Amino acid sequence: MTDENLAPPRIVIAYHSGWGHTAVLAAAVAQGARDGGAAAELLAVDRITETDWAALDAADAIVFGSPTYMGDVSAAFKAFAEATSSRCVRGAWQDKVAAGFTNSGGMSGDKLHALISLAVLAAQHHMHWVNLGLVAGWNSTTASRDDLNRLGFFLGAGAQTDTDLPPEGVLGSDLATCRHLGGRVAEVTAQLAAGRLSCRPLRTTER
């Protein structure tokens with residue numbers, strides 16, 4: 001089998017953004033996915049339509065994104081997650097690839113809890129979670145905040161933006177970390193699709 005048998009992976013970035021910062025990160029994830037050869041679509045879950053639901057159902061991978069508010073995902077993202085329950089019951093997203101990212105004003109801000117919430121949502125849908133795949137940056141005297149994964153998250157991408165900065169103030173290293181996540185999801189999704197194709201039973205003709 002060759003890559004010619006495979007269509008580009010379809011990736012949807014399903015996110016909520018309260019003040020615009022998470023939307024900027026979502027766009028970076030999408031760019032990374034496109035750079036990795038995937039078709040990527042941005043979907044704001046607080047304005048979801050039936051067409052959007054259809055796009056999620058047709059996707060090969062879904063990357064979830066939410067700001068961290070009070071140590072967890074936002075209320076708008078939680079409402080979206082709860083609205084997926086019927087799809088969970090019927091396995092509509094089973095075996096899709098999943099990943100996640102989040103942003104808060106604090107360096108920690110309990111972002112790990114938000115990422116865990118995203119991973120649990122994926123697990124309830126029987127999806128395959130993709131971790132960040134980066135070592136921790138900015139953890140020595142020779143390192144800097146310009147490092148990838150400067151905040152040292154591994155379950156997903158964690159970003160930090162000062163609360164008095166506009167969306168344009170999102171740090172470049174956090175954007176690069178989210179682009180990395182998008183590219184990693186594209187790569188893993190393509191690998192999974194290729195594996196499924198190679199494992200498909202060969203059709204035989206009875207004589």
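When a residue number appears, it is its place in the shown sequence, counting from 1. These figures come from a predicted structure and were not determined experimentally.
There is a path of hydrophobic side-chain contacts, each under 4.5 Å, that joins L112 to V73. Cluster annotation: L155 is connected to M107 through the hydrophobic network of ILVMFWY side chains, with a link wherever side-chain heavy atoms come within less than 4.5 Å. In this structure, Y69 is not a member of the same hydrophobic cluster as V120, with clusters built from ILVMFWY side-chain heavy atoms closer than 4.5 Å. By the criterion of side-chain heavy atoms lying less than 4.5 angstrom apart, applied directly or through intervening Ile, Leu, Val, Met, Phe, Trp or Tyr residues, F154 is not grouped with L115; the two fall into different hydrophobic clusters. Transitive grouping of hydrophobic side chains (ILVMFWY, heavy atoms separated by less than 4.5 Å) brings F153 and I116 into a common cluster.
Under the 4.5 Å side-chain criterion, counting only non-hydrogen atoms from C-beta, R184 is in contact with N131. By the 4.5 Å heavy-atom criterion applied to side chains, R87 and H125 are counted as neighbours. L43 has its side chain within reach of I48: a pair of non-hydrogen atoms, C-beta onward, lies under 4.5 Å apart. Contact of the R150 side chain with the D146 side chain is not registered, since no non-hydrogen atoms from C-beta on lie closer than 4.5 Å. Taking the side chain as every heavy atom from C-beta outward, T102 and F77 never approach each other to under 4.5 Å.
The hydrophobic cluster containing I11 also includes I13, Y15, V24, L25, V29, L42, V63, V97, F101, V130, L132, L134, L148, V170, L175, L181, V185, V188, L192, under a criterion of side-chain heavy atoms closer than 4.5 Å among ILVMFWY residues, counted directly or through chains of members.
K96 places a side-chain N or O within 3.5 Å of a backbone atom of D57 that can act as its donor or acceptor partner. Of the possible donor and acceptor atoms, one in the side chain of D147 sits under 3.5 Å from a partner among the backbone N and O of W138. Judged by distance alone, the side chain of N149 and the main-chain N or O of G137 form no donor-acceptor pair under 3.5 Å.
A donor-acceptor contact closer than 3.5 angstrom links the side chains of S74 and H16. In summary, the side chains of H126 and D95 do not present any donor paired with an acceptor at a separation below 3.5 Å, with no hydrogens or angles considered. A donor-acceptor contact under 3.5 angstrom links the side chains of K111 and S104, judged on distance only. D52 and T49 are linked by a side-chain donor-acceptor pair at a separation below 3.5 angstrom, with hydrogens and angles left out of the test.
Heavy atoms of other residues, nucleotides or ligands lying less than 6.0 angstrom from CZ of R145 number 12 at most.
Of all heavy-atom pairs spanning C178 and A157, the tightest one is SG-CB, 4.0 Å. Across A114 and T68, no two heavy atoms sit closer than the pair CB-OG1, 3.3 Å. The two residues D72 and S117 come nearest to each other via the heavy atoms OD1-OG, 2.7 Å. Taking all atoms of both residues into account, the shortest heavy-atom contact from V45 to A76 is CG2-O, 4.4 Å. Between A30 and A40, the shortest heavy-atom distance links the atoms O-CB, 3.7 Å. For A193 against L6, the heavy-atom pair with the smallest separation is O-CD2, 4.0 Å.
Atoms CE and SG, on M127 and C88 in that order, are 10.5 Å from each other to the nearest 0.5 Å. Annotation: the span from T177 atom OG1 to L151 atom CG amounts to 8.0 Å, rounded to 0.5 Å. Here CG of L56 is found 11.5 Å from CZ of R10. Values are rounded to the nearest 0.5 Å. In this structure, NE2 in H21 is found 8.0 Å from CD in E168, a value given to the nearest 0.5 Å.
Judged as a ring-ring contact (aromatic ring centres under 6.0 Å, His included), and not counting sequence neighbours, the contacts of W53 are F80.
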